[in-house]
Amino acid sequence: MGQSKTKVDIIACGLDNSGKTTILNFFRPANEKMETVTATIGYNVETFQFQNFNYQTNAYNYKSAQNSGTGDKKVEFTAFDMGGAKKFRSLWESHYSTVQGIVFVIDSSDVLRLCVVKDELEALLQHPDLNADAGRKRVPVLVYANKNDLEGAKTPAELTELLDLPELMGDRPYNIFSSDARKGVALAEGMGWLQETVLLQLGDQKKKGK
Ligand SMILES: Nc1nc2c(ncn2[C@@H]2O[C@H](COP(=O)(O)OP(=O)(O)OP(=O)(O)O)[C@@H](O)[C@H]2O)c(=O)[nH]1
Ligand SMILES: [Mg+2]
């Protein structure tokens, strides 16, 4: 008996070199992982399933999976891995009207470019396609405060303050995870949170008969 599959489209944004491709590579099956990642030209599309995540040591045990009763649903993610270099950032917006979740990756050690991070995040969050209606205003944002292994890396609390995240995010559900994408630290927890949040929203929409 096949489980029903929920398809969820997400977009990975953030400046070049922040770690987006490294993060999505982590979610590839073991035999499909890239040995080395290179800067993304334009964008790439990745699909992966995340249910009952147990790749090697990273057992998925995000608490609300059990509590919310959404943990047994099968989700297939289609992720748009966007190039973060300046010349590719104009491509991000073409996906805003269709995605159900946003992954925003920050190199927490790149303090010099935090003001650029803030500008780009603000432009993303204020984009008309992400504010067209109440549903779009609540598209959840998963923030990875990545490269937490590097010296001088800002903590999630520091980034929350420096970027003024509560103000920028408004009504959107958001969460920030301190990650080391090369080692896979906190990647599952973050994606688990996003999966749960999207599933709960889809459940609410169904209840309302949308
Ligand atoms: N030290 C450290 N290096 C990382 C981490 N995550 C990614 N990197 C490295 O950072 C570099 C850039 O990573 P990518 O995943 O290509 O970054 P990206 O955000 O996809 O960059 P663009 O495709 O240019 O937008 C690579 O050399 C990665 O190995 C991390 O958590 N810690
Ligand atoms: Mg990339």
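Position 1 is the first residue of the sequence, and the numbers go up from there. Both backbone and side-chain heavy atoms feed into the values below; hydrogens, waters and symmetry mates do not. For ligands, and for the atoms within them, numbers begin at 1 and follow the listed sequence.
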**Q** Out of all atoms in ligand 1, which are within 4.0 Å of some heavy atom of Thr40? Include the element for each.
**A**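 In order of number, 22 (P), 23 (O), 24 (O).
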
**Q** Less than 4.0 Å between atom 27 (O) of ligand 1 and some protein heavy atom, yes or no?
**A**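 No, no protein heavy atom sits under 4.0 Å from atom 27 (O) of ligand 1.
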
**Q** Is there a heavy atom of Asp149 sitting under 4.0 angstrom from any atom of ligand 1?
**A**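 A heavy atom of Asp149 does come that close to ligand 1.
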
**Q** Is the shortest distance from a Lys or Arg side-chain nitrogen in Lys183 or Asp180 to a carboxylate oxygen in the other one below 4.0 Å?
**A**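 Asp180 and Lys183: salt-bridged.
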
**Q** Counting heavy atoms only, which of Val37, Ile23, Asp16 is nearest atom 16 (O) of ligand 1?
**A**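 Looking at heavy atoms only, Val37 sits closest to atom 16 (O) of ligand 1.
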
**Q** With heavy-atom distances below 4.0 Å as the criterion, list the atoms of ligand 1 near Leu15.
**A**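 Answer for ligand 1: 19 (O).
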
**Q** Hey, are Asp16 and Lys86 close enough for a salt bridge, meaning a charged N less than 4.0 Å from a carboxylate O?
**A**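 No salt bridge links Asp16 with Lys86.
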
**Q** Gly83 heavy atoms, cut-off 4.0 Å: which ligand 1 atoms fall inside?
**A**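 With Gly83 as reference, the close atoms of ligand 1 come out as 25 (O).
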
**Q** Closest non-hydrogen protein atom to atom 3 (N) of ligand 1, residue and atom name please, with distance?
**A**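 Closest protein heavy atom to atom 3 (N) of ligand 1: Arg182 NE, 3.4 Å.
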
**Q** Side chains of Thr47 and Thr78: do they bring a donor and an acceptor to under 3.5 Å?
**A**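 Short answer, no.
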
**Q** Kindly indicate, with the supporting measurements, whether the criterion side-chain hydrogen bond (donor to acceptor under 3.5 Å, both in side chains) is fulfilled by Thr98 and Asp9.
**A** CA-CA 7 Å; Thr98 52; Asp9 287 355; 5.1 Å; no

**Q** Out of Lys147, Arg89, Lys183, Met34, whose heavy atom sits nearest atom 5 (C) of ligand 1?
**A**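 Of the listed residues, Lys147 has the closest heavy atom.
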
**Q** Does Thr22 put an N, O or S atom under 2.8 Å from the Mg ion (ligand 2)?
**A**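 It does not: Thr22 brings no N, O or S atom closer than 2.8 Å to the Mg ion (ligand 2).
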
**Q** To check your reading of the model: name the closest protein heavy atom to atom 7 (C) of ligand 1, its residue, and the distance in Å.
**A**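 Answer, as residue, atom name and distance: Thr22 OG1, 3.5 Å.
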
**Q** May I ask you to list the atoms of ligand 1 that are less than 4.0 angstrom from any heavy atom of Ser18?
**A**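 In order of numbering, the contacting atoms are 17 (O), 19 (O).
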
**Q** Atom 31 (O) of ligand 1: which protein heavy atom is closest, and how many Å away?
**A**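 The closest heavy atom on the protein side is Ala181 N, 2.8 Å.
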
**Q** Just need the protein heavy atom nearest to atom 19 (O) of ligand 1, so name the residue and atom and give the distance.
**A**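 Closest protein heavy atom to atom 19 (O) of ligand 1: Lys20 NZ, 2.7 Å.
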
**Q** I'd like to know: is the Mg ion (ligand 2) within the 2.8 Å range of an N/O/S atom from Thr21, strictly under that distance?
**A**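 Under 2.8 Å: Thr21 contacts the Mg ion (ligand 2) through an N, O or S atom.
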
**Q** With respect to atom 17 (O) of ligand 1, which of Ser108, Gly19, Gly42 exhibits the smallest heavy-atom separation?
**A**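 Checking each option, the heavy atom nearest atom 17 (O) of ligand 1 is found in Gly19.
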
**Q** For atom 21 (O) of ligand 1, what is the closest protein heavy atom, and at what distance to 0.1 Å?
**A**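 That would be Asn17 N, 2.9 Å.
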
**Q** Nearest 0.5 Å, please: how far is CD in Glu46 from CG in Asp81?
**A**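 Taking CG in Asp81 and CD in Glu46, the distance rounds to 6.0 Å.
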
**Q** Taking only heavy atoms of Ala39 into account, list the atoms of ligand 1 that are under 4.0 Å away from them.
**A**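 Listed by number with element: 23 (O), 24 (O).
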
**Q** At less than 4.0 angstrom from any non-hydrogen atom of Gly84, what atoms of ligand 1 do you find?
**A**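 Those qualifying, in numeric order: 22 (P), 25 (O).
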
**Q** Measure from atom 6 (N) of ligand 1 to every heavy atom in Leu150, Asn148, Asn146 and give the option owning the shortest one.
**A**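 The residue whose heavy atom sits nearest atom 6 (N) of ligand 1 is Asn146.
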
**Q** Ion pair present between Lys147 and Asp107, side-chain N to carboxylate O less than 4.0 angstrom?
**A**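 Salt bridge flag = yes for Asp107 with Lys147.
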
